[in-house]
Amino acid sequence: MELIDLQLETIEAEEQRDIARELDTSGESRTLKDIAKGLKASLKNTEGFTRLDALNRIGNQVFALDANKPHNFVTPNAPVNYPHIWTSSWFEWVQYDGSIMQPMVRNAGEALGVAALVNLEDDEQRFDSTVKVDELHRIEQMLAGTEAPFRARTFTGLKAPAWPEAILGVIDRERAAEGRSLYRQHCQGCHLPATDDPAFWSERYWSVRNDNGERLLRLKIIPAGEIGTDPAQSRVLADRRVDTTGLGIDTVVYRGQDCTPLQISDSSDASFAFSLGAVVQETTDYWYRQHGIGSDGQQRMNGFRPNCLQAPGGYKARPLNGIWATAPFLHNGSVPNLHALLSPASERPERFWLGNREFDPVRVGYETGEAAGLTELDTRLPGNHNGGHEFRDGEGPGIIGPLLSESQRMALIEYLKTL
Ligand code: HEC
């Protein structure tokens with residue numbers, strides 16, 4: 001409820017009248033009220049403690065509200081769990097679907113999504129904004145650390161939290177060692193060697209460099225059909241279209257693994273992914289001009305990476321350092337604890353409640369019982385599906401390894417606590 005109010009409050013009364021008038025004259029059946037109603041209903045299923053549909057929200061904020069084009073509004077349908085951000089400054093591609101390369105575009109895009117103001121009117125201040133580009137850079141530096149990790153063979157920025165043995169119990173080292181060999185056998189092929197394993201620092205994984213010669217970590221991106229988890233989020237950038245006529249977009253972004261240049265201009269049927277990348281870039285470019293930042297400074301603040309975008313239709317497998325602290329699991333938070341994730345989907349809870357802060361150190365996640373004020377997650381609803389990434393016998397989409405015995409699951413969990 002509060003989220004909706006906030007979003008609607010960002011529209012001034014004057015603008016609301018304009019939108020309503022426009023809707024009347026365009027004969028659209030959807031009024032602001034309908035939008036609000038749809039939003040309210042969808043938020044119940046997609047948003048709450050630990051989760052929201054970040055990408056569609058950004059799209060709605062920028063292309064429906066900021067651009068004053070209500071027909072660009074879509075009902076949020078692809079919730080994600082708030083991601084943990086340690087280590088990710090050094091990934092070649094970030095976001096759950098491995099879609100964005102440049103730190104500044106990622107961060108400034110997020111700022112626009114949470115309602116930083118941007119001028120999309122047709123005047124000289126077009127793309128002027130309240131985005132604090134210098135602060136975003138400062139935060140990114142704090143997260144990334146002072147040294148390039150491949151050279152230092154360690155991460156100096158934000159670190160994954162260590163399992164607090166004094167509070168949550170002593171780790172059984174013998175079981176953890178058993179878990180380590182299971183990890184090497186069943187997990188490493190996708191999630192890479194653990195960050196505390198010397199093998200992690202192989203050039204094989206740090207196979208790409210940014211424009212400053214610093215190596216970045218190349219993660220595996222697995223097609224949604226193969227990993228079998230809920231596909232909705234992987235489709236947003238690939239499928240959503242927006243009307244950008246009159247916004248004055250005129251810039252080059254880069255596309256795909258090879259970062260091929262792509263001219264972006266206004267269009268009544270534009271790719272959301274590239275249009276968003278372009279608007280964010282125009283916004284940061286405006287800030288750079290306004291503050292007299294030359295190309296060297298821009299490069300540095302952009303993390304020495306081009307504004308390269310892709311919509312691979314899959315999900316990335318990130319290293320699992322600190323994963324114990326990040327429940328619920330999967331991009332959409334549809335699996336409440338590690339034990340459930342290592343169990344066949346039929347054994348995972350179909351409905352559970354989010355927002356409880358009591359930690360379960362055995363299954364490794366939060367308590368999920370029903371209580372007043374908590375968010376219900378019903379995995380039967382679209383966007384919330386909890387299938388895929390399954391270890392069970394048989395073959396098929398989403399089955400990525402053999403059934404693990406109870407004792408193997410517990411050994412793996414014991415090991416994951418050490419990462
Ligand atoms: C075939 C490749 C593959 C294998 C093998 C694999 N994973 Fe994953 N894993 C992924 C992908 C891709 C995701 C992201 C899926 C999503 O979010 O929808 C993921 C997500 C996860 C997550 C959730 C991460 C988060 O931020 O919520 C955990 C935990 C995890 N894997 C643990 C494991 C463990 C433990 C093993 C071995 C027993 C394993 N995985 C084997 C590809 C794999």
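First listed ligand is number 1; within each ligand, the first listed atom is number 1. Just so we're clear, the structure is a prediction, and the values are computed from it rather than from any experiment. Numbering starts at 1 and runs along the sequence shown.
- Annotation for ligand 1: atoms under 4.0 Å from non-hydrogen atoms of Leu338 are 29 (C).
- The nearest pair of heavy atoms linking Leu354 to Pro328 is CD2-CG, 3.7 Å.
- For Ser267, there are no side chain to side chain donor-acceptor pair (under 3.5 Å) partners two or more places apart in sequence or in a different chain.
- In terms of protein heavy-atom proximity, atom 17 (O) of ligand 1 is nearest to His331 N, 2.7 Å.
- A salt bridge is defined here as a Lys NZ or Arg NE, NH1 or NH2 lying under 4.0 Å from an Asp or Glu carboxylate O, and Glu147 with Arg215 fails to meet this definition.
- Under a cutoff of 6.0 Å and an axis angle of 45°, Arg357 and Phe359 do not form a cation-pi pair.
- Identified under the ring pair (Phe, Tyr, Trp, His ring centres under 6.0 Å) test for residues 214-233, with sequence neighbours left out: none.
- Figure legend: Lys69 and Phe63 shown without cation-pi pairing, the cationic atom not lying both under 6.0 angstrom from the six-membered ring centre and within 45 degrees of its axis.
- Listed by chain and number, the protein N, O or S atoms at a distance under 2.8 Å from atom 8 (Fe) of ligand 1 are His191 NE2, His389 NE2.
- At least one heavy atom of Phe391 sits closer than 4.0 Å to an atom of ligand 1.
- Atoms of ligand 1 lying under 4.0 Å from at least one heavy atom of Phe329, given by number and element, are 27 (O).
- In this structure, the side chains of Thr379 and His385 stay at 4.5 Å or more apart for every pair of heavy atoms.
- More than 12 heavy atoms of other residues, nucleotides or ligands shown are found within 6.0 angstrom of CZ on Arg240.
- The ligand atoms of ligand 1 that sit less than 4.0 angstrom from a heavy atom of Ile323 are 24 (C), 25 (C), 26 (O), 29 (C).
- Using a 4.0 Å cut-off between charged nitrogen and carboxylate oxygen, Arg57 and Asp53 do not count as a salt-bridge pair.
- Selection from Lys220, His186, Lys316 by nearest heavy atom to atom 14 (C) of ligand 1 gives Lys316.
- Applying the ring pair (Phe, Tyr, Trp, His ring centres under 6.0 Å) rule to pairs touching residues 161-190 yields Trp163-Trp324, Tyr183-Tyr415, sequence neighbours excluded.
- Here is the list of ligand 1 atoms found below 4.0 Å of a heavy atom in Thr229: 16 (C), 18 (O).
- Listed by atom number, the atoms of ligand 1 under 4.0 Å from Leu412 heavy atoms are 38 (C).
- In the vicinity of His84, heavy-atom distances shorter than 4.0 Å reach the ligand 1 atoms 26 (O).
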